[in-house]
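What follows is a short report on a single structure.
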Amino acid sequence: MKKWLLSILILLFLQSCSDTNKIKNVTPAFYYWKTSEWRLDDNLMNILKNAQVKKVYAKFFEVSHDELMGNIPISKNSIRFNNLNVEFIPTVFINNDVFLKSSEKELDVLADNINFLITKMLSNDYSEDDYFNAKSCKEFQIDCDWTLKSRNNYFYFLKKIKEISKKEISCTLRLYPYKYPDKMGIPPVDKATLMCYNLLNPLSSPKQNSILDVKELSSYLKGTKQYPLHLDIALPIYSWMQLYQNNQFQKVIYEDHEEVMKNLKKIDNLWYEVINDFTASETYFRIGDKIKFEEIDQKLVHQTIDLLKRNVKFDNETTISLFHLDNSQLKKYTDEEISSFYTAFN
């Protein structure tokens, strides 16, 4: 009898611990990260509707540092979302060199220019008939792989962009600053999105999936204290191929994976060899070229979700984003599988 009661108590305790890491209200979201003049086609519209997506973090442009011209916007997007009833968050990727090579005065100018350009793009890219417009925009997100050396300038900029824009400011958060907040500091933002991918250097990790390796992710999550900011989560659902010719890295291939695979033979875990000369994805492949194919499937995503639920303390309302909104990447998932990445959190 005592053993039976003890077993029941243990099960109840474990259930209560599991429940504490469930999210009461999940906000489904996507990132859109292509560089193009772009409209949603019917397939992507249906994916968003079927998954009940509420937010899209859309990359508006990037900022790079040029020794002659200073900090300049590059890779600008022109985006229309066909009146889809979702919240759009303008997202800007800023190269870390910007913060390593800029003075505070230059960062003041940068914050002002970014706010101006986002507002201008919103006004130009969205008509009055569109669901989304400049006035309805509530949040800007800043994406930067900041380091200890760039931290002070980056944090100064984040304060400045909030002051100028009068918007809610969020930022992306890589796993290293998440694990070591005492060393790396806490970004002065309203909330952060923990990016659970690109954990390893693709060129120096030949045996591991550099997009997402669960063992590597676990090393950052386990034993970590609760982060002192609201955390949202971003998960990868994309795959890529790395092309090597004469053992030298050439490029990353994001599309036409099925066509490429027809001309490959497997030689090792993650590694393939080209067996025919052919052209795909605007690339010429030669016999003997090597391909490292790193892909993300449903099983790997759910393993990651289980790991996050065991190790991260979530707020009741949390945004879960998938990276990223692209037909060539999403065609390998069913609508049910995409929806399951959100519902698994609650």
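On a predicted model such as this, the values are computed, not experimentally measured, just so you know. Positions are given from 1 along the sequence.
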When hydrophobic residues are tied together by side-chain contacts of less than 4.5 Å, even through go-betweens, does Ile23 share a cluster with Ile338? yes

When clusters are formed by joining ILVMFWY residues with side-chain heavy atoms under 4.5 Å apart, either directly or through shared neighbours, do Val56 and Met45 land in the same one? yes

Among Asn96, Asp145, Asp97, whose side chain to side chain donor-acceptor pair (under 3.5 Å) with Ser150 holds? Asn96

Considering non-hydrogen atoms only, spot the tightest contact between [X] and [Y] and give its length.
X	Y	answer
Pro187	Trp146	CG-CZ2, 3.8 Å
Tyr154	Cys171	OH-CB, 3.6 Å
Leu270	Lys266	N-CE, 4.4 Å
Val214	Leu307	O-CD2, 3.8 Å

Ionic contact status for [Y] with [X], cut-off 4.0 Å:
X	Y	value
Asp182	Lys225	yes
Lys191	Glu139	yes
Lys101	Glu67	yes
Asp143	Lys59	no
Asp268	Lys207	yes

Picking from Leu264, Thr279, Val260, what satisfies side-chain contact (heavy atoms from CB on, under 4.5 Å) with Phe285? Val260

Check against salt bridge (Lys or Arg N to Asp or Glu O under 4.0 Å), Glu273 and Lys290: CA-CA 5 Å; Glu273 183 175 312; Lys290 302 296 189 301; 3.8 Å; yes

With a 3.5 Å distance limit and no angle check, can you tell me whether [X] reaches the backbone of [Y] through a side-chain donor-acceptor pair?
X	Y	answer
Gln329	Asp326	no
Lys179	Ser219	yes
Lys167	Gln141	no
Asn71	Val63	no
Lys76	Pro73	no
Ser205	Asn201	yes
Asp277	Ile287	yes
Asn115	Ala111	no
Gln250	Gln248	yes

Testing Phe140, Phe30, Tyr31 for ring pair (Phe, Tyr, Trp, His ring centres under 6.0 Å) with Tyr57, which one passes? Tyr31

Is there a donor-acceptor contact under 3.5 Å linking the side chains of [X] and [Y]?
X	Y	answer
His257	Ser239	no
Ser64	Asn95	no
Lys55	Thr319	yes
Asn77	Tyr32	no
Asn316	Asn25	no

Go through it in stages, so that I can follow the logic: the residues are Tyr176 and Lys183, the test is side-chain hydrogen bond (donor to acceptor under 3.5 Å, both in side chains), and I'd like the CA-CA distance, side-chain angles, deciding distance and then a yes or no. CA-CA 10 Å; Tyr176 188 84; Lys183 177 181 179 180; 2.9 Å; yes

Geometric class of the Trp271/Tyr244 ring pair [parallel <30°, tilted 30-60°, perpendicular >60°]: tilted

